[in-house]
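Note sheet for the following structure.
For ligands, and for the atoms within them, numbers begin at 1 and follow the listed sequence. Hydrogens, waters and symmetry mates play no part in the numbers below; they use all other heavy atoms, side chains included.
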Amino acid sequence: MAIRYDEERRIFKLDTKHTTYIIGLTPEGYVGHAYYGDYMESGDVFYLLRTGERPLTPSALPREKSSFLDFFPAEYPTGGIGDYRESCLDVRGSAGCRGCEILYDSHRIRKGKPKLNGLPASFGTEDETETLELVCVDKVLNLRVILSYSVFEEEDIITRSVRLINEGEECLRIEKVLSACLDMDDEEFEMVTLVGGWARERGVQRRRITYGKQMVSSAKGESSHQEHPFLALVTPQTTEQQGRVYAMNFVYSGNFIAEAELNQHDAVRMVMGINGEDFCWNLRGGEEFQAPEVVLTFSGEGFGKMSRSFHDFYRKHLIRSPYLHKKRPVLINNWEATYFDFDTEKLLDIAREAKKAGIEMLVMDDGWFGKRDNDDSSLGDWTVNEDKLKGGLKYLVDEVREIGLEFGIWFEPEMISPDSMLYREHPEWAIHIPGRQATQSRAQYVLDLSNPEVVDYAYECVAKILRSAPISYVKWDMNRQLSDLGSSYLERDSQQELFHRYVLGLYEMQERLVSEFPGLLLENCSSGGGRFDPGMLYYSPQIWCSDNTDAVERLAIQEGTALIYPLSTMGAHVSDCPNHMTGRNTPFETRGHVALAGTFGYELDITKIPEKDREMIPGQIKDYHKYNELIREGDYYRIASYRENHKYDCYLVAAKDKSEALMTFVQVQCVPTFHGKKIKLLGLDSKAVYRLEGTEQVYTGEMLMKGGFIIDFVQGDGMSRLYHFVRQSEDHIKK
Ligand code: GLA
């Protein structure tokens, strides 16, 4: 049993394989956070709520209630009544005042995990997970608050979400509703976040926590390139293999905050949820509001264990696509090959050459519809441009399939160009503030997905094209962030619901897409990796990681991404050099090795690249077929980070049964030491004997992990090597 309630002590104990989470109820009904960390046998830790110390509980010392509230480690703090730290729930009642206090009412423990209405969320069978629903009430507001905790024992994960029910008649204004809080005291923490920008997504940032609030957030309408819905608090000196890590990741694709606050008592509050900026939800009598889910994990063994817990969890309990455990077709995308300048013949030339090299799918990117020869027009007009695609889309798809490749297509369904038929007909469908010229970004506006009519229209545009030809793959793009928040559909006092309703509209469209086309391979994208989050992974098994395809830059981008997300989700392609973004030259072999860590494909004009590069493609595809299952399903270990050492990068993927491991080494900068580099491997079976493939060299796992492996000195910047270690069966081992 993963969840137990000790009625006498009023303690809930939530156990995973290696962690324990304990909640305690005070006699008054305050729901307190007593413990989270390494697995503990005993749950008898009510004392950790420290209600015996001053400032006691309000029933013992009513005149000091605020001191209590501002000190108590709360499971779900509410605002306006004397807890001055960051609150999770701010409610304005019918009198116009902000104040909410929730006390325990009842609870329910059940097997399995209910769905979250309208939202992506993790799932598990009755054998895999148990859920605790803690029901709290604010009797003054007539508000019921249900705190849900689902425990996934195997993966050391606890998910949290919150549901509000207005049981009264008056409308309540929900000004903030976060999804999770962890109150931790008396420990020195550092904070790890993922930050960057367009083409520099998810760089790892680590800093000391100081007094006050520090956070990452988005108020851009998407999870964003700049800051990521992830936060880890770690003890100083935490490394890949050591240290305590508390991590939260948000299953949501819109505005968020992830915050740590160090307060006067040297206690840290960590919260995550929908950003309260420009958010206010009218919860009318009888209505419910479901806040999205936070995925929580604790690792007592550093970042590596944290990453592997997230990876296993997302592969098993979040991504639904039938492609999850399958090799994805090796694709070639024409974006960096042609940009907008292509036609049927050009695409067929690429397809023919691609087929010869062993590539399996052609993806036609932006520019096939309306009058779109650059990014100035036509978003919203999803009709095929027959000047470019002579004979139409079906003809092209049939020809490509005849050549022997599958066909994929690009869409940007959430957008509208001011220069489009759609905008001329429906200017009110663009998000805008009445009377104000809306801000353009990449010459486009965003469609108002709070309006069901717009959702229907945008969805039908995509579906109609997919129904018209045998299309196997969709790249769903989103190339600008939201501004000028105004909806012609929503009432005046509901305008602050737009950010969240936009995300709900997006989820509805993607849900319809995967339901109507269950065999479709969907890849999400947002100017590269601007919406790479667990919410989108619920719909698509892979997301384009970044518009930056430079192999060296990708090392850091993929490292940051893989801190949380499985390698099987990272869209990664080999592109041409000099790289279009950085101008850097890297060996074609290295570009292949780096892209192997993701979904793998090509993003170049195969008819134009140097012959010697083209000749390497069949070998790279052979490697992909050979190693993809290991990379997709295995355990990922970071060994050395170029981001930190500025010289080389090294990571390894080990099979779950430790029967094989693939290690990638990239020497970004050659340092002329003229002797080989010693690398200590991770993740092997120390007792097993491994042979380095392609040689007769054998090692025990212990030798490789404790003693290390010597990488021969190679000259050249940007060189890379793959090392495949294969466990030997008993009779292969020479005594
Ligand atoms: C975004 C994507 C690119 C490409 C272009 C097309 O930037 O990230 O891969 O599809 O849009 O306009």
Item checked: Between Glu406 and Tyr473, a side-chain donor and acceptor under 3.5 Å -> no
Next item on the list: Tell me, please, which residues at least two apart from Tyr489 pass side chain to side chain donor-acceptor pair (under 3.5 Å).
Entry: none
Item checked: Pair Glu414 + Arg531: basic N to acidic O under 4.0 Å -> yes
Next item on the list: Give the protein residues with at least one non-hydrogen atom closer than 4.0 Å to an atom of ligand 1, ordered by chain and number.
Entry: Trp335, Asp365, Asp366, Trp410, Arg442, Lys475, Asp477, Asn479, Cys525, Ser527, Gly528, Trp544, Asp547
Next item on the list: Cation-pi check, Lys388 to Phe342: give yes when NZ or CZ is under 6.0 Å from the six-membered ring centre and within 45° of the ring axis, no otherwise.
Entry: yes
Notebook entry, point to check: Which pairs, with at least one residue in residues 553-569 and sequence neighbours excluded, count as a side chain to side chain donor-acceptor pair (under 3.5 Å)?
Noted result: Arg202-Thr561, His228-Tyr565, Asn249-Tyr565, Asn548-Glu553, Arg554-Gln558, Glu559-Ser641, Glu559-Arg643
Next item on the list: Could I get the full list of salt bridge (Lys or Arg N to Asp or Glu O under 4.0 Å) partners for Lys346, not counting sequence neighbours?
Entry: Asp605
